[in-house]
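The structure under discussion appears below in the form of structure tokens.
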Amino acid sequence: MTLPFQKNTVQVANKLIPSALIILFFLKSLPGTAQGNSQTEEKMQWFQDAKLGIFIHWGLYAVNGIDESWSFFNGYISHNDYLKQTDGFTAKNYDPVAWADLIKKSGARYSVITSKHHDGFALWDSKFGDFNAKKASAAKRDVLSPFVDALRKDGLKVGIYYSLPDWSYQDYTHHTRDSMRYKPADDPKRWNTFLHYYQGQLKELSKTYNPDLWWFDGDWEHSSAEWEAPKVRQMLLDQNPNTIINSRLQGHGDYATPEQGMPVTRPKDDYWELCMTLNNSWGYQKNDHDYKSLDQLIGIFTDVISSGGNLLLDIGPKGDGSIPKEQEELLTGLGRWTQKHKEAIFGTVAGIPKEHFYGPTTLSKDKSILYLFVKGNPNGEIVLRGIKNKINRIWVVGDGTKLSHKVVGKIYWSHYPGIQYIQVPDYVLDENMTVLAVLLDGEIELYREDGSVIESN
Ligand code: GLC
């Protein structure tokens with residue numbers, strides 16, 4: 001016999017369980033919200049381990065040295081004059097193998113190149129339209145394919161940047177800031193012509209290069225429904241189920257893409273990548289010498305990996321295909337540092353909260369080695385707080401010198417772990433940033449209390 005309240009409970013539960021399952025299933029299948037399921041984790045693994053990528057903005061804008069696409073969109077130059085840069089886009093000193101080698105030397109594990117920016121100029125020989133490096137520029141050849149080949153030969157992952165907006169294409173909606181051609185709702189047929197064109201290009205890129213990563217841009221100009229974003233995502237995954245898509249496909253991507261601004265607090269997304277310029281421009285601008293210093297770049301990079309992200313650092317080659325000297329020097333300098341400290345960078349996970357160490361940190365995957373990034377000269381010692389583990393050994397990464405440490409303030413009757421001082425002599429310091437490895441007796445355990453436990457003990 002069932003009592004009325006029991007019956008109700010069963011009925012409610014019967015109703016609740018299937019809907020809970022449906023919600024769960026829905027959440028799991030939602031793109032753009034990495035739910036940590038094992039398939040996603042597997043697919044994202046190389047990306048998570050890579051830490052550093054090199055972004056390349058190469059296009060017509062490098063010829064005059066002006067803002068990529070935005071210069072005509074914002075009216076700094078007419079569209080006609082902008083297009084004249086095709087004559088200067090010679091690629092005559094372009095050495096795709098040297099590009100890939102430099103990227104590899106920097107320590108980066110992947111590269112993302114602008115196959116087509118908002119101006120619509122394609123670096124590859126597209127069957128869709130004539131506005132590309134082969135058919136419309138002095139280079140007279142496909143300049144994308146040899147670079148993709150060179151990346152693969154160097155064992156680097158291939159990322160393709162693709163702008164959804166195409167401001168030069170006659171059937172796209174936007175042309176310049178002050179002139180819009182039409183609205184999709186007013187002329188669905190015309191919009192369809194554009195959809196066919198851009199999705200055709202994507203299919204072509206996907207079949208030709210089978211990218212490991214897609215870097216979309218400009219999704220803000222239309223809604224997910226207008227772009228047909230879910231269909232596009234599916235099309236790319238049908239071609240390569242392991243391909244990774246950035247967030248700029250109106251919510252249908254796999255990872256977040258903060259731009260230029262280093263997140264101050266740790267992003268909530270499981271996967272994220274900060275894209276950043278070396279100076280203040282994405283493409284080559286001969287008037288922009290405002291480069292970040294190598295120390296600043298290493299500082300930003302270690303902050304990023306300390307918070308579990310990747311850094312996608314941008315270079316802008318010239319119209320002749322050569323890489324500006326300052327950019328080459330920065331990547332080479334970065335390479336010396338990443339090579340020396342690779343064990344603390346690649347394949348690690350996000351570090352510990354800043355209260356425990358006033359600087360960036362990472363952890364080995366099993367969380368038994370804590371890596372400390374020490375900026376400048378710490379004047380003899382650095383401080384670690386609230387580490388419950390026993391420290392088995394400390395050494396200088398890339399150098400091997402063992403360091404001694406001292407525990408201060410440990411109270412024998414309390415579980416408060418005390419403060420650890422690590423002695424860092426001047427002669428082990430790296431010219432850019434020193435890295436220490438702290439081997440613990442097991443997975444790291446943090447003391448996160450406010451200390452009042454000591455009085456109440
Ligand atoms: C912005 C700009 C674009 C640049 C991109 C890089 O979306 O529109 O010019 O290529 O950021 O992240």
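Counting starts at 1 for both ligands and their atoms, following the listed order.
- More than 12 heavy atoms of other residues, nucleotides or ligands lie within 6.0 Å of NZ in Lys354, so this atom counts as buried by the packing criterion.
- Using a non-hydrogen distance threshold of 4.0 Å, Gln260 does not register as a contact of ligand 1.
- No more than 12 heavy atoms of other residues, nucleotides or ligands sit less than 6.0 Å from atom NZ of Lys105.
- Atoms of ligand 1 lying under 4.0 Å from at least one heavy atom of His117, given by number and element, are 3 (C), 4 (C), 9 (O), 10 (O).
- Nearest approach of Gly65 to Lys286, heavy atoms of both residues: N-NZ, 4.2 Å.
- A perpendicular orientation is assigned to the rings of His57 and Phe55, their planes being inclined by more than 60° (bins at 30° and 60°).
- If you number the atoms of ligand 1 from 1 as listed, the ones under 4.0 Å from a heavy atom of Asp217 come out as 1 (C), 2 (C), 3 (C), 4 (C), 5 (C), 7 (O), 8 (O), 10 (O), 11 (O).
- Among the atoms of Trp220, none of the N or O lies under 3.5 angstrom from an N or O of ligand 1.
- Using a 4.0 Å cut-off to heavy atoms of Cys275, the atoms of ligand 1 that qualify are 12 (O).
- Applying the 4.0 Å criterion to heavy atoms of Glu259 picks out, from ligand 1, the atoms 1 (C), 7 (O), 11 (O), 12 (O).
- By the 30° and 60° cut-offs, the orientation of the rings of Tyr161 relative to His117 is parallel.
- Of all the atoms in ligand 1, the ones that sit under 4.0 Å from a non-hydrogen atom of Glu68 are 3 (C), 9 (O).
- Polar contact with ligand 1: absent for Trp215 (N/O pair, distance under 3.5 Å).
- Those atoms of ligand 1 with a heavy atom of Trp70 less than 4.0 angstrom away are 2 (C), 3 (C), 8 (O), 9 (O).
- Listed by atom number, the atoms of ligand 1 under 4.0 Å from Arg248 heavy atoms are 7 (O), 11 (O), 12 (O).
- Cation-pi geometry between Lys134 and Trp124 is not met at under 6.0 angstrom from the ring centre and within 45 degrees of the axis.
- Under a 4.0 Å N-O distance rule, the pair Lys292/Glu326 does not qualify as a salt bridge.
- Among protein heavy atoms, atom 10 (O) of ligand 1 sits closest to His57 NE2, 2.6 Å.
- The cationic atom of Arg385 (NZ for Lys, CZ for Arg) does not lie both less than 6.0 Å from the six-membered ring centre of Phe357 and within 45° of the ring axis.
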